[in-house]
Novice: 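One structure, pasted below without further comment.
All of these numbers come straight from a predicted model, not from anything done at the bench. Chain naming here is simple, since letters A, B, ... match the order of the sequence lines and numbering starts at 1 in each.
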2 protein chains.
Amino acid sequence: MDADTSSPISLTGNEARDEIVRAAAEVFMEFGFAATSIDAVAERLGATKGRIYHYYRSKAELYFDVQIAAMEKLAREIEPIAKGAGNAAERLEAMALRHATILMEDLPVQKVAVRGLERELLGAVAARHAKTLRSIIRLRDDYEQIFAEVIDDGIRAGLFVDLPPRLATKPFFGALNWLTVWYVPRRLQTAEDIAEIARTLTGCAMRGILKGAQL
Amino acid sequence: MDADTSSPISLTGNEARDEIVRAAAEVFMEFGFAATSIDAVAERLGATKGRIYHYYRSKAELYFDVQIAAMEKLAREIEPIAKGAGNAAERLEAMALRHATILMEDLPVQKVAVRGLERELLGAVAARHAKTLRSIIRLRDDYEQIFAEVIDDGIRAGLFVDLPPRLATKPFFGALNWLTVWYVPRRLQTAEDIAEIARTLTGCAMRGILKGAQL
DNA sequence: TTGCCAACATACTCCTCGGTATGTAATCTT
DNA sequence: AAGATTACATACCGAGGAGTATGTTGGCAA
């Protein structure tokens, strides 16, 4: 077990690390990278720094792991849909629906990932982790590319408005991802409530790029 | 001059303060609140901390001022459009177009404002500035309310899809505001390029809530 | 011209926090 | 069962940075 601590990318999810990542995501979500202290994460775990630094060599590495966890989860679920059955509009709608749902179900991790690297890091630790940084940005780009390709299909098929796919992706993602800014999970909120929100957002996003009339 | 340093809200824009706010916005945009040092802001001004602390009592107060500047600029420009001529769809489209354009033209200040208070602050300085914090959140809510009312008009008029106005506002803003995440100003970028982006985003946002067919 | 004050710069304090070095109990290996 | 390793906790260090206390300079009033 614990096959690699050297490569922060694509690590096999050690159980202990997973627990740390989840706790870290909650605190990062609340305070952001810079304002989050390792002690605060440890406290949420009911432990001390020692535990965290046993598995992670720096705060940045821990933060990266949250990002990776988020992107892998999304890609793992959405890619099959993109490559599945249905025309571009049907696939895109299913992707958007699932995407929005994951954001809400997995809020801490996903919110941190959506806020993204935001120069906060490039500025803070700079060139130190430049390589890791690049590979995470790559993960994001690859994920966006999945959507861009389906959108491109739709445009070619005449289903969607004629825009550069990469540009059309932006407001589409915007309508969905923006929920990480305003959505606050309420107690008493059922899975159906989440599904309702996801459908609403997906509806707006889809109409935004669909061409012509629909009901 | 310098009528009030006591109330951080609604201050009359002293020229010296404005210059500090603009510089601060640039650095805050780059590194976020927590990772921005007052020294860094001072350096961008070609000055030292002394200059900043002569006008601001804390980093938080300076940050608040950036937020206020952003919200006042938006409200000042968009409110007249909301109360102007045209049906709900026409007014909303004009508002969205201007909103998106301001975000790009005034990127540093607006980007900081869009990222918003994000608990980063509530956590850091907590109850200290709770009152100021509330009033800034109020500014944001009021601004969103301007859109919500026009959207409500459109729904009642049967122009827009039937959704709770407050909820419909979310994906609409999302499609627009998301540009603060991906948009990077290029040299050689003309006003027409910005206008083009604004039109594209506005188009997607409008189709997202418009009911029925359009060209 | 002199005193006063605004508008800064300089120098210092103090505390937080990332990271490390070291200790220690449990578990595993042989 | 006796080292060795894992999985932490504890104790410490050093840097960075917010805020302050104290100069210093130029303009303006009387």
Side-chain angles (χ1 to χ4, degrees), chain A residues 1-6 8 11-21 23-24 27-28 30-66 120-129 132, chain B residues 1-6 8 11-21 23-24 27-28 30-66 120-129 132:
Chain A
M1 70 232 37
D2 198 14
D4 79 283
T5 42
S6 61
L11 45 92
T12 65
N14 186 295
E15 180 56 42
R17 287 173 75 109
D18 278 4
E19 200 183 337
I20 295 175
V21 165
V27 187
F28 281 139
E30 240 178 295
F31 304 105
F33 174 78
T36 292
S37 72
I38 295 290
D39 293 280
V41 176
E43 194 183 354
R44 176 139 330 193
L45 278 169
T48 68
K49 295 167 84 158
R51 174 145 169 219
I52 294 172
Y53 277 102
H54 181 68
Y55 294 96
Y56 290 94
R57 280 187 298 195
S58 69
K59 188 168 82 162
E61 194 180 299
L62 176 55
Y63 191 73
F64 293 150
D65 228 23
V66 176
E120 328 188 309
L121 280 198
L122 252 165
V125 287
R128 182 80 135 197
H129 304 92
T132 308
Chain B
M1 68 238 36
D2 197 15
D4 81 283
T5 44
S6 60
L11 44 90
T12 64
N14 186 296
E15 180 56 42
R17 288 174 74 110
D18 278 4
E19 201 183 337
I20 295 175
V21 165
V27 188
F28 280 140
E30 243 179 291
F31 303 105
F33 175 78
T36 292
S37 72
I38 294 291
D39 292 281
V41 176
E43 195 182 354
R44 177 137 333 190
L45 279 169
T48 67
K49 296 168 82 159
R51 173 143 169 222
I52 294 172
Y53 277 103
H54 181 70
Y55 293 95
Y56 290 95
R57 279 187 298 196
S58 69
K59 190 168 81 162
E61 194 180 300
L62 175 55
Y63 191 73
F64 293 151
D65 228 22
V66 176
E120 329 187 310
L121 280 198
L122 251 165
V125 287
R128 181 79 136 197
H129 305 92
T132 309

Novice: Minimum heavy-atom separation for B:Arg51 to B:Ile20, with atom names?
Specialist: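 Heavy-atom minimum between the residues: O-CD1, 4.1 Å.
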Novice: Rounded to the nearest 0.5 Å, how far apart are CD of B:Glu19 and CZ of B:Arg44?
Specialist: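 One gets 13.0 Å once the value is rounded to the nearest 0.5 Å.
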Novice: Would you say A:Tyr55 places a side-chain N or O within less than 4.0 Å of OP1 or OP2 belonging to D:dT6?
Specialist: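 Negative; the distance criterion is not met.
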Novice: Roughly how far, to the nearest 0.5 Å, is CD of B:Glu15 from CG of B:Asp18?
Specialist: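 So the gap between those two atoms works out to 5.5 Å.
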Novice: Over how many whole Å does the gap from A:His129 atom NE2 to C:dG18 atom C1' extend?
Specialist: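 Roughly 12 Å, once rounded to whole Å.
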Novice: Which nucleotide, D:dC8, D:dG19, C:dC8, lies nearest any side-chain atom of A:Ala16?
Specialist: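 The closest nucleotide is D:dC8.
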Novice: Between C:dC8, D:dA18, D:dA9, which nucleotide gets closest to the side-chain atoms of B:Arg51?
Specialist: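 The answer is C:dC8, which lies nearest to the side chain.
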Novice: Check every atom of D:dA18, D:dG19, D:dC8 against the side chain of B:Ser58 and return the nucleotide holding the closest atom.
Specialist: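 For the B:Ser58 side chain, the nearest candidate turns out to be D:dG19.
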Novice: So what does B:Ser37 touch, heavy atoms closer than 4.0 Å: a base, only the sugar-phosphate, or nothing?
Specialist: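 The answer is sugar-phosphate, as B:Ser37 gets under 4.0 Å only of primed atoms, P, OP1 or OP2.
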Novice: Could you check if a side-chain atom of B:Val21 sits within less than 4.5 angstrom of a side-chain atom of B:Phe28, using non-hydrogen atoms only?
Specialist: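 Heavy-atom side-chain distance check fails, nothing below 4.5 Å.
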Novice: C:dG19 base to A:Lys59 side chain: any donor-acceptor pair below 3.5 Å?
Specialist: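 Counting by modelled atom types and ignoring angles, no donor-acceptor contact under 3.5 Å is found here.
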Novice: Can you tell which of D:dA9, D:dA18, C:dC17 lies closest to the side chain of B:Ile38?
Specialist: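 Closest of the options to the side chain of B:Ile38: D:dA18.
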Novice: Starting the side chain at C-beta, find the nucleotide from C:dC17, D:dC8, C:dG19 nearest to A:Lys49.
Specialist: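 Selected nucleotide (nearest to the side chain): C:dG19.
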Novice: Scan side-chain atoms only and decide if B:Tyr55 and B:Asn14 contain a donor-acceptor pair under the 3.5 Å cut-off.
Specialist: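 No, no side-chain donor-acceptor pair sits under 3.5 Å.
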Novice: So what is the 5' to 3' dot-bracket string for DNA chain C, if pairs are Watson-Crick or G-U wobble with both distances under 3.5 Å, crossing pairs use [ ] and | means the partner sits on another strand?
Specialist: ||||||||||||||||||||||||||||||
Novice: Is there a side-chain contact between B:Tyr53 and the phosphate of C:dC8, meaning an N or O under 4.0 Å from OP1 or OP2?
Specialist: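 For C:dC8, OP1/OP2 do not have a side-chain N/O of B:Tyr53 under 4.0 Å.
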Novice: Quick check on C:dC8: is either OP1 or OP2 less than 4.0 Å from any side-chain nitrogen or oxygen of B:His54?
Specialist: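 No, because none of the side-chain N or O atoms of B:His54 sits under 4.0 Å from OP1 or OP2 of C:dC8.
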Novice: Which of the following nucleotides, C:dG18, D:dG17, C:dA9, is nearest to the side chain of B:Asp39?
Specialist: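 Looking only at side-chain atoms, B:Asp39 lies closest to D:dG17.
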Novice: side-chain contact (heavy atoms from CB on, under 4.5 Å), that's the test. Do B:Phe33 and B:Leu62 meet it? Break it down for me.
Specialist: CA-CA 10 Å; B:Phe33 175 78; B:Leu62 175 55; over 6 Å; no
